[in-house]
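These notes concern the structure reproduced below.
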Amino acid sequence: MDLHVTIPTAHGGLTLKNPIMPAASTFGNIIEYAKVFDLNKLGALMGNSMYLTDGTPTGNQKFHRAEDGFMSAFGRNAISIRRFVEEILPELPWETTPVILDLKEAGMEKMEEMVAYVADTGKVAGVEINLNCPYAPGVPEYWQDPEQLTEFIHRVRKAAGTMMVGAKAPTGNYNVAQVTKTLHQAGADSFTCYNGQMGCAVDIYTRKFCCGGASGTSATMGYGYRAYGLSLTREATVAAPIPIIGSGGIINARTVIEQIMVGAYAVQVGSANFMRPDFMPRLVDELAELMEELGVHSLDEIRGTATPN
Ligand SMILES: Cc1cc2nc3c(=O)[nH]c(=O)nc-3n(C[C@H](O)[C@H](O)[C@H](O)COP(=O)(O)O)c2cc1C
């Protein structure tokens, strides 16, 4: 049984021992989980979305567990990239399991600085540029303009050296075909095409929103969004031949196989990590078992094989 996947990149490809990795900000700062399982069991490692500096935590209600998934309005309260690189990265098994960092920063210059800093460590295999961020002051949805997104990817690519350069979708609806094509044409190596939907929940006893700030809305994800996540992978793989990292409602091996059959190279696990901390290593075992049951020897054999009924 071969669980390996190789994501083709501008610098020769990134091989993962299996397609399972955590999604941004759903796996703490990674190192905490070393107490729970051997991190080498995963295909790749990813922790909190990172900024150059520490964020100021807001007083907003940040997290809500709804019937159909999770709502999150965590905002900017992770540790700084420098603290992560100095204190945590050296403790991770980066030589045997690729570390991919999801990066957020407001402003192209800051993002370039952060990418170059990460590249200099020589310990990070890839970066995932988070489009959920205002990359130019006063232009919150910068990525909607193909010219600006192209310039942005070019600048990141230059700063990234040999690291894989991926992008992560914004939360909510966006023009999947346009963004995927632009990323591909601009030379990005991968696209994580799902980042939850906008949602809203009300506590009917207190009459308060369950999550988020004054807007009352926040990102919503989890198993209830599995079909939506899969449809984004489908739209993106049809739009351009850029490797897709699929996600949305990954809760068992069947949901992983679905993503691969629709065309994904790998998958990110989000909400399920909050259900049990050892969810991902168990998923890797379950995936091998399901592949055996289906008579599938490698993921390359089934990638993109789903056809109209
Ligand atoms: C509590 C929580 C916090 C999250 N924070 C971020 C974040 O800071 N940046 C980001 O790009 N995605 C964030 N996400 C989204 C995940 O990275 C991922 O896209 C999503 O959870 C995958 O779908 P799933 O939860 O259905 O597996 C968060 C998700 C959850 C559940």
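Ligands are counted one by one from 1 in listed order, and the atoms in each one are counted from 1 as well.
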Inset, instruction - Could you tell me whether S271 and ligand 1 have an N or O pair separated by under 3.5 Å? - result: yes

Inset, instruction - Return yes or no for this condition: an N or O of S49 is under 3.5 Å from an N or O of ligand 1. - result: yes

Inset, instruction - May I ask you to decide whether R303 forms a salt bridge with D300, counting only side-chain N to carboxylate O separations under 4.0 Å? - result: yes

Legend entry - Enumerated ligand 1 atoms positioned under 4.0 Å from heavy atoms of F274: 1 (C), 31 (C)

Legend entry - Backbone or side-chain N or O of F70 under 3.5 Å from ligand 1 N or O: no

Legend entry - F274 ring center within less than 6.0 Å of F63 ring center: yes

Legend entry - Backbone or side-chain N or O of G249 under 3.5 Å from ligand 1 N or O: yes

Legend entry - Closest to atom 19 (O) of ligand 1 (judged by heavy-atom distance), picking from Q197, M221, K168, H64: K168

Inset, instruction - Could you state whether L230 and L299 fall into the same hydrophobic cluster, counting links through intermediate Ile, Leu, Val, Met, Phe, Trp or Tyr residues with side-chain heavy atoms under 4.5 angstrom apart? - result: no

Inset, instruction - Locate the shortest heavy-atom distance separating L42 from P281; write the atom from each residue and the value. - result: CD2-N, 4.1 Å

Inset, instruction - Using non-hydrogen atoms of the residue, decide whether T26 is closer than 4.0 angstrom to ligand 1. - result: yes

Legend entry - ligand 1 atoms in contact with G222 (distance to a heavy atom under 4.0 Å): 24 (P), 25 (O), 26 (O)

Inset, instruction - Check each of A73, P22, A24, G270 against atom 28 (C) of ligand 1 and report the one with the nearest heavy atom. - result: A24

Inset, instruction - Please say whether N195 places an N or O atom under 3.5 Å from an N or O atom belonging to ligand 1. - result: yes

Legend entry - Atom indices of ligand 1 within 4.0 angstrom of F63 heavy atoms, with elements: 1 (C)

Inset, instruction - Identify, by atom number and element, the atoms of ligand 1 in contact range of K104, meaning under 4.0 Å from any of its heavy atoms. - result: 7 (C), 8 (O), 9 (N)

Inset, instruction - Heavy atoms only: give me the nearest V269-T26 pair and the separation to one decimal. - result: O-OG1, 3.2 Å

Inset, instruction - Mind listing the closest non-hydrogen atom pair of F84 and N29 along with its distance? - result: CE1-O, 3.9 Å

Legend entry - Contact check, Y194 vs ligand 1, heavy-atom distance below 4.0 Å: yes

Inset, instruction - Look only at interatomic distance and state if G196 has a nitrogen or oxygen under 3.5 Å from any nitrogen or oxygen of ligand 1. - result: no

Legend entry - Hydrophobic cluster identity match, V238 and M261, side-chain contacts under 4.5 Å: no

Inset, instruction - May I ask whether G248 has any heavy atom positioned less than 4.0 angstrom from an atom of ligand 1? - result: yes

Legend entry - Backbone of K41 reached by a side-chain donor or acceptor of N18 within 3.5 Å: yes

Legend entry - Smallest separation among heavy atoms of E86 and Y117, with atom names: OE2-OH, 4.0 Å

Inset, instruction - Identify the two heavy atoms, one from A177 and one from A239, that lie closest to each other, and give their separation to 0.1 Å. - result: CA-CB, 3.7 Å

Legend entry - Contact (N/O only, under 3.5 Å) between D102 and ligand 1: no

